[in-house]
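Convention: sequence-line order gives letters A, B, ...; per-chain numbering from 1.
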2 protein chains.
Amino acid sequence: MIAMPAGQDGADTIETVRAFNRFYTNRIGVLDRAYLDTPYTLTEARVIYELAARGSTSASQLTEELSLDPAYLSRMLKAFAGKGMVDAAKDPADGRGRLLSLTENGRAVAADLATRSRESISTLIAPLDETERLALGASLGKATRLLGGGESSPAILLRDHRAGDMGRVIASQAKSYVETYGWNAEYEALVAEICANFLRNFDPSRERCWIAEQHGDLVGSIFLVKGGESTAKLRLLHVDAAARGHGLGTRLVTECIRFAQEAGYGRLELWTNDILTAARRIYQSAGFRLEKEEAHHSFGQDLVGQIWALDLEGWQAPVRLPEALSPASGTPATQPA
Amino acid sequence: MIAMPAGQDGADTIETVRAFNRFYTNRIGVLDRAYLDTPYTLTEARVIYELAARGSTSASQLTEELSLDPAYLSRMLKAFAGKGMVDAAKDPADGRGRLLSLTENGRAVAADLATRSRESISTLIAPLDETERLALGASLGKATRLLGGGESSPAILLRDHRAGDMGRVIASQAKSYVETYGWNAEYEALVAEICANFLRNFDPSRERCWIAEQHGDLVGSIFLVKGGESTAKLRLLHVDAAARGHGLGTRLVTECIRFAQEAGYGRLELWTNDILTAARRIYQSAGFRLEKEEAHHSFGQDLVGQIWALDLEGWQAPVRLPEALSPASGTPATQPA
DNA sequence: TAAAAATAGTTGACTCAGTCCAATAAATTG
DNA sequence: CAATTTATTGGACTGAGTCAACTATTTTTA
């Protein structure tokens, strides 16, 4: 009746990758033979693409990047030069090397190849509907990034919440706290209640939720809700393990404080637990002071709850170098005594 | 402050696939040249793999599947036969064709190739931690399935809820109802409340949640909770668009009813809305009767709520052919008058 | 600073994976 | 039974990619 969880350990990953490899060589490899109906080989096309992508390069860089035989590449470039596709100028810095670049003509060929490549992929994904296309793009993008092919820029976007985001926040927080601290389902219930109340009573002018997204995945969040007369409450700060080390927590807290200030609140409060040291450091650096501590038993654990507060009057974001995230990097002046 | 949603339309998908293609040929293609340190070409290895995978085949099937030149394959098979790797028996059914199969020897070669392939991939994913490996497997698996390489078997598993599942349920339902029926955030709030209460008051002997998972994605869910003396409530039935057409809804409802019966309830109730016709059909086929209808304004819409009920005394699952899912497929005998 | 070693690229010679075309032989069709 | 189609094979070829040897520089080292 109830089946096993879909276990996928290391060995299983290998089999999945192997299956993908076979599938991909069968399906895509077909398109490569007489590359896209052009007089060029797949390898030639790769060289042309690489030349177009980098402004000008050396032959050795190309052999390196594309794992080509230097002799083979040399002949290929000679042929390209013969057709007026590439310019090979002496490298002024190094007499041995030559600087290669595409001519106008060569760039036209590159553009043509790119168009054909797009068309061929367009055919490939033709049977997919929009949702499936998005899923495919996300999957292959993620695979590329995981295998080290993507740019290293994290590109984390902050945006307002949309349909389904509360659920994603609940899921990511519950999973994280259960796995990291062994908290029980009570925590997921609490987060769900908070989120439900947020949606029910949401007042856009005085409340807000920030969703941090990276490549379409939710990687962090923070909420600001009314707490009383002129008091706002910061809630549910969370940064996913995968996105830590980029100052996202600080960024979220800063956004939140700034909005609270603009919305006219005088004081910002938050409740947290002492074991969440990373979060505490962020609060401290932002200027929060610890107001109260109290032991409690929740989420199946003995914990120490903490209430922190920040005076929003004249608050200014502490100056910190972007990406400088070591615990000591907060300027001491902004830390409470 | 607030950035654009990470828009990824059709054109964007194409670019992602192209980038992946380039990356993959550069990264993986390298491994292919002198295939895995064996005397075999990549193409030869593909043929060997295919022969190992199918018990016995014809040459024409291989050329078809791997897009090979028949002449080329013929020569290759001859060479394999010479080395005692393949057996080519006359096809009794068709005198023109021959049935190909690997010999003991050939199977040993296939096993060796598989091992080397696994090792090479193991190296490739060595820098990834466990979470990243799982993500890679999931991504490539999904890409394979999307592009039509996976087995068509849906393989939907039902299991109890785990940490984070409530969040996933909330997210998928909210997204789905907002997109399909234009419901507002009130609905997400309601689902979140229901889930929170479920977790808070969860009584494993009399309550239960089923999560339907396909390839690691949540594709459906259903809840059973206490409703009163001897009455149980069925809640939050949902089947994701991607998983419809496999009888999952019926399967979930059947599981739920069966559990309710075993748990000793006498009556099962549920609340739904008349616009959810697919769900209603499932309830009807299972034997539920419409007890009450009432117009209400919720989720930003004018809706008609319905209460359905089922007498659990002596209930038996209606007989239906597996995968026979057309609305009329429920046997009339089991449908309420 | 001169000799040795490494780097960047070129050229010649070669091979073998993969292609194209035609032939053969059995099976199917009209 | 002639005509056509399907399954496979053989001959002939080509050109992508490899290996080794060589020149021209630059860098290292003794």
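The nearest whole Å value for the distance from the CG atom in A:Leu73 to the P atom in C:dT10 is 8 Å. One atom, CD of B:Glu64, and another, P of D:dA7, lie 10 Å apart when rounded to the nearest Å. Between the OH atom of A:Tyr40 and the C1' atom of D:dA16 there is a distance of 16 Å, rounded to whole Å. One interatomic measurement links the two molecules: CG of B:Leu68 to C1' of C:dT19, which rounds to 12 Å at whole-angstrom precision. Remark: C1' of C:dC16 and CG of B:Asp69 are 15 Å apart, rounded to the nearest angstrom. Remark: C1' of C:dA17 and CG of B:Leu66 are 15 Å apart, rounded to the nearest angstrom. Following rounding to the nearest Å, A:Met76 (CE) and D:dT18 (C1') show an atom-to-atom distance of 13 Å. As a whole-Å value, the separation of B:Gln61 CD from D:dT6 C1' is 14 Å.
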Could you give me the CA-CA distance, side-chain angles and deciding distance for B:Lys142 and B:Asp217, then say whether salt bridge (charged side-chain N to carboxylate O under 4.0 Å, His left out) is met?
CA-CA 10 Å; B:Lys142 182 155 225 162; B:Asp217 290 336; 2.7 Å; yes

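Residues meeting the side-chain contact (heavy atoms from CB on, under 4.5 Å) test with B:Glu65, sequence neighbours left out: B:Glu50, B:Arg54. Residues satisfying the side chain to side chain donor-acceptor pair (under 3.5 Å) test with A:Asp91, not counting sequence neighbours, are none. For A:Ala110, the side-chain contact (heavy atoms from CB on, under 4.5 Å) criterion is met by A:Ile48, A:Ala52, A:Leu102, not counting sequence neighbours. In terms of the side-chain contact (heavy atoms from CB on, under 4.5 Å) criterion, residue partners of B:Lys83 (sequence neighbours excluded) are, by chain and number, B:Tyr40, B:Met85. Every side chain to side chain donor-acceptor pair (under 3.5 Å) that A:Ser60 has, sequence neighbours left out, goes to A:Ser58. Partners of A:Ser101 under the side-chain contact (heavy atoms from CB on, under 4.5 Å) rule, at least two apart in sequence or in another chain, are A:Ser56, A:Asp87. Remark: A:Phe80 pairs with no residue by the ring pair (Phe, Tyr, Trp, His ring centres under 6.0 Å) rule, at least two apart or across chains.
Note on ring orientation: taking the six-membered ring where Trp is involved, the planes of B:Tyr24 and B:Phe20 are parallel (angle under 30°, cut-offs 30° and 60°).
Heavy-atom distances under 4.0 Å link DNA chain C to no residue of residues 79-87 of chain A.
Not one side-chain nitrogen or oxygen of B:Lys78 sits closer than 4.0 Å to the OP1 or OP2 atom of D:dT8. The phosphate of D:dG15 has neither OP1 nor OP2 within less than 4.0 Å of any side-chain N or O from A:Thr41. At least one side-chain nitrogen or oxygen of B:Ser60 sits closer than 4.0 Å to the OP1 or OP2 atom of D:dT8.
Applying the salt bridge (Lys or Arg N to Asp or Glu O under 4.0 Å) test to residues at least two apart or on different chains, the pairs with a partner in residues 118-129 of chain B are A:Glu15-B:Arg118. Here salt bridge (Lys or Arg N to Asp or Glu O under 4.0 Å) pairs that include residues 103-114 of chain B, with residues two or more places apart or in two chains, are B:Glu104-B:Arg107, B:Asp112-B:Arg116.
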Between protein and nucleotides 23-27 of chain C, what N or O pairs are separated by less than 3.5 Å?
residue, atom, partner, partner atom, Å
C:dA27, OP1, B:Gly95, N, 2.9
C:dA27, O4', B:Arg96, NE, 3.4

Under 3.5 Å between N/O atoms: give me all the protein pairs with nucleotides 11-13 of chain D, atom names plus distance.
residue, atom, partner, partner atom, Å
D:dG11, N7, B:Arg75, NH1, 3.4
D:dG11, O6, B:Arg75, NH2, 2.9

